[in-house]
Amino acid sequence: MSTTLRDERDYFERIYTVTCQVPHGKVATYGDIATIVGDGCDARIVGHALGALGSRADTVPWQRVINRTGGISTSGHGQREALEAEGVTFDEREQVRMDTHHWTGPSEDWARAHGFQPLPPRAGKPADAQMRLF
DNA sequence: GAATTGACCTGAT
DNA sequence: AATCAGGCCAATT
């Protein structure tokens, strides 16, 4: 087999599928998409996959995928403008309010139906995350 | 065919 | 808490 195989491209399909599941007005990080895709997928692969969208960029909401810091990693594609059009709000630091627009992940049933993995719980509320176990 | 960069993330200092 | 460095897989030159 050569360097380029069809299996590697299989990541792209999954990444596109998961990205299409991001609801309108919400955003997800590359790491989240990679985690949902699983199977050794990494955030960088997601970035390259979205970059390889090509003409499919019109059918896949790639603009809803941002980096971990909540900033726009792209440039010249008007991602920020597109997100603003979606209703996403930004702060003074040019970053998306993750606490408001962060996507919680796909439904567990949907993930299982498609062979994906649900997004693990993310600890982002230090004030409330004290002791809600009991 | 090898080396470098990349629409990144996590961990350590 | 912020900053530095390493790592991961794939595409490109």
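Letters A, B, ... mirror the listed sequences (proteins, then strands); counts begin at 1. As the structure is a prediction and not an experimental result, all values here were calculated from the model.
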For A:D109 versus A:S107, what's the shortest heavy-atom pair and its separation? OD1-CB, 2.8 Å
Among all residues two or more places apart in sequence or in another chain, which pass the ring-ring contact (aromatic ring centres under 6.0 Å, His included) test with A:Y16? none
Could you run through nucleotides 8-13 of chain B and give me one letter per nucleotide, 5' to 3': B if any protein heavy atom sits under 4.0 Å from the base, S if only the sugar-phosphate is that close, - if neither? BSS---
Gap between atoms CD1 and P, on A:I15 and C:dC9 respectively (whole Å): 13 Å
Provide, to the nearest angstrom, the distance between the CD1 atom belonging to A:I72 and the P atom belonging to B:dA7. 14 Å
Interatomic distance where CG belongs to A:D42 and P belongs to C:dA11 [whole Å]: 13 Å
Between B:dA7 and C:dC4 - C1' atom distance, rounded Å: 22 Å
Gap between atoms CD1 and P, on A:I45 and C:dC9 respectively (whole Å): 7 Å
Using Watson-Crick and G-U wobble pairs with both distances under 3.5 Å, what is the 5'-to-3' dot-bracket string of DNA chain C, with [ ] for crossing pairs and | for pairs outside the strand? .||||||.|||||
Whole-Å distance separating the CZ atom of A:R14 from the P atom of C:dA10: 12 Å
ILVMFWY cluster, A:Y30 and A:F12 together (side-chain gap under 4.5 Å): yes
What pairs with A:Q79 under side-chain contact (heavy atoms from CB on, under 4.5 Å), at least two apart in sequence or on another chain? A:W62, A:Q63, A:I66, A:I72, A:T74, A:L83
A:Y11 atom OH is separated from C:dA11 atom C1', nearest whole Å, by 15 Å
What pairs of residues pass the side-chain hydrogen bond (donor to acceptor under 3.5 Å, both in side chains) test when at least one of them lies in residues 88-98 of chain A, not counting sequence neighbours? A:R80-A:E94, A:T89-A:H101
Under 3.5 Å, which donor-acceptor pairs do the side chains of residues 36-56 of chain A form with other protein atoms, sequence neighbours left out?
unit_1, atom_1, unit_2, atom_2, d
A:D39, OD2, A:R14, NH1, 3.3

Mind checking the CZ-CD1 spacing from A:F116 to A:I33? Nearest 0.5 Å is all I need. 9.5 Å
Between B:dA7 (C1') and A:L53 (CG): distance, integer Å: 11 Å
Nearest heavy atoms of A:T19 and A:P61, plus distance in Å: O-CG, 3.2 Å
Atom NE2 of A:H48 and atom P of C:dT13: how far apart are they, to the nearest Å? 12 Å
Are any side-chain N or O atoms of A:T29 and backbone N or O atoms of A:D32, one a donor and one an acceptor, separated by less than 3.5 Å? yes
